[in-house]
Amino acid sequence: MNVQDFQKMKDEGRRISMVTCYDYSSARAVADSNIDCILVGDSLAMTMHGYPTTLSATTAMMALHTAAVAKGAPAKFIVGDLPFLSYRKGLKEAMDSVHELMSAGAHAVKLEGVRGHAEIVRHIVDSGVPVMGHLGLTPQSVHGLGGMKVQARTNAAVKVLTSEARELEDAGCFAIVLECVPAQGARRVTELLKIPTIGIGAGTHVGGQVLVYQDVLGLNPGFKPKFLRVYANTFEVIRTALNAYNNDVKSGAFPSESESYRDLESTDRSVTKRTEHPAQNGRGSRVTLASQMNQLSNMARV
Ligand code: KIV
């Protein structure tokens, strides 16, 4: 996928799938999936660092995570989020942030809103860097919005949303994320724009969907917004595996003889050969792939 494919997919009526990703090992899983593209979102301040909002993300954090994701998913299109205020302190500061994310391996950047920084968006685009917009609920403005609330619930607010979306399109954005917007409003914006919209809590009449990796995989138990569908209860799979490992350690069932190295002079054939990976021969109460698949198929639908 490259930046032109976003437009092509909208023109051909194909939906774009996007997921957030913040680290190397998760990126390897996304790389091995059919997901179209990755967002290294500033939501990492919450999911990876435990902050209450995205306001604590910095350009240095975003660049570090972007670099890890780029190594794990080198063939995926990666969008890096410009963090809180990084594009509101002037052109030089904005371009320094863009430079850091692109050098770390992003193929595009995303920023929230448009009021007061349309010129900066245009300059980034004119510098050869694709820009994804983000309207509706813009979490970097959480305090200005009075909380994480659904936006554009009135005709007047949809009008504003539409004109901001047009402004971003005119400034050269290649796509726009619409977050927590009623489905009819998101449809209006999507139909008025040439470029694709990518929804999160914006209904089905958009050009694609984006969700947070941890949310899709059920790694964030207790987080159940209306728009979220959880596709696997991974938190439970991990907890069960860790408890099985703990039990085996405590009982002495792990490691088994076949999971132990033997010295070179040993004639005992029942122990692991040096070339064998220990996990291939484990016994004990190992959580089998079959039982994990069983748990994954008990998908929690929210
Ligand atoms: O930071 C993020 O994860 C995002 C998505 C929710 C769109 O901006």
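Atoms within each ligand, like the ligands themselves, are counted from 1 in listed order. Just so you know, residue 1 is the first one in the sequence shown, and it goes up from there. Predicted model only: the values in this text are computed from it and were never measured.
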Quick one: are [X] and [Y] in side-chain contact, heavy atoms under 4.5 Å?
| X | Y | result |
| --- | --- | --- |
| Phe223 | Gln214 | no |
| Tyr22 | Val212 | yes |
| His107 | Asn2 | no |
| Met61 | Met48 | no |
| Tyr87 | Val121 | no |

If I apply the N/O under 3.5 Å rule, does [X] come out as touching ligand 1?
| X | value |
| --- | --- |
| Glu179 | no |
| Asp81 | yes |
| Asp42 | yes |

### Query
Between His117, Glu93, Gln140, which is the residue that forms a side-chain hydrogen bond (donor to acceptor under 3.5 Å, both in side chains) with Arg88?
His117
Shortest protein contact, [atom] (heavy atom only):
| atom | result |
| --- | --- |
| atom 8 (O) of ligand 1 | Lys110 NZ, 2.9 Å |
| atom 4 (C) of ligand 1 | Leu39 CD2, 3.5 Å |
| atom 2 (C) of ligand 1 | Ser43 OG, 3.2 Å |
| atom 6 (C) of ligand 1 | Ile200 CD1, 3.7 Å |

#### Entry: ligand 1 atoms in contact with Thr20 (distance to a heavy atom under 4.0 Å)
3 (O)
### Message
Using a 4.0 Å cutoff against the non-hydrogen atoms of Gly41, which atoms of ligand 1 qualify?
### Response
1 (O), 2 (C), 3 (O)
### Query
Is there a donor-acceptor contact under 3.5 Å linking the side chains of Glu259 and Ser256?
yes
